[in-house]
Amino acid sequence: MFSKIVAGLADLDDAGVDGDAAARAGFLEWVFTLPQDVRPRQAAQDVLSHWEDENPGPAVSAFRDHLKAATRYIPTPQRRGGAAGRRVVH
């Protein structure tokens with residue numbers, strides 16, 4: 001699926017079409033077609049480690065940027081006390 005998405009985006013680049021929306025849609029298609037036991041962050045890291053095209057067109061480059069963003073660690077939100085933490089005890 002990955003190679004089909006990149007090939008389709010490369011075709012858009014060759015046609016001179018603005019591919020930002022297509023790159024976003026291609027990224028979402030790639031994520032949703034991953035097997036259930038595969039984590040998107042790890043899959044994106046694997047894809048980027050084997051990336052060979054050093055000079056992609058704009059649409060493929062935007063797709064690669066989405067993959068890079070998927071590899072970033074997002075910390076789990078932590079509770080800060082809620083209403084009980086904001087109460088002032090006199």
Side-chain angles (χ1 to χ4, degrees):
M1 179 54 75
F2 174 78
S3 58
K4 287 182 181 181
I5 293 169
V6 172
L9 292 172
D11 289 344
L12 288 177
D13 286 336
D14 292 341
V17 176
D18 180 26
D20 288 337
R24 189 175 324 115
F27 172 75
L28 290 174
E29 182 178 355
W30 174 77
V31 168
F32 288 122
T33 58
L34 290 173
Q36 285 186 334
D37 60 337
V38 175
R39 295 178 184 251
R41 183 172 183 233
Q42 184 61 47
Q45 288 172 342
D46 292 343
V47 166
L48 290 171
S49 69
H50 295 97
W51 193 276
E52 294 179 9
D53 190 4
E54 293 299 322
N55 193 15
V60 177
S61 181
F63 178 71
R64 186 173 63 180
D65 291 343
H66 288 298
L67 289 172
K68 287 179 183 177
T71 64
R72 294 190 192 117
Y73 174 73
I74 299 174
T76 304
Q78 301 293 320
R79 290 187 57 92
R80 295 179 294 169
R86 291 187 295 272
R87 281 191 202 105
V88 178
V89 180
H90 297 283

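Hydrogens, waters and symmetry mates are skipped; everything else that's a heavy atom, side chains included, is used.
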Which pair of non-hydrogen atoms, one from [X] and one from [Y], has the smallest distance, and what is that distance?
| X | Y | answer |
| --- | --- | --- |
| D20 | A62 | OD1-CB, 3.8 Å |
| A23 | L9 | N-CD2, 3.7 Å |
| V60 | A10 | CG2-N, 3.7 Å |
| G26 | I5 | O-CD1, 3.4 Å |

(message) Once side-chain contact (heavy atoms from CB on, under 4.5 Å) is applied, do any residues pair with P58, and if so which ones, sequence neighbours excluded?
(response)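 Residues passing side-chain contact (heavy atoms from CB on, under 4.5 Å) with P58: D13.
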(request) Using the side chain to side chain donor-acceptor pair (under 3.5 Å) rule, collect all pairs that involve residues 28-43, keeping only residues at least two apart or in two chains. (result)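 Those involving residues 28-43 are Q42-D46.
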Scan the side chains in residues 66-76 for donor-acceptor partners under 3.5 Å anywhere in the protein, sequence neighbours excluded, and list what turns up.
| from | atom 1 | to | atom 2 | distance (Å) |
| --- | --- | --- | --- | --- |
| T71 | OG1 | K68 | O | 2.6 |

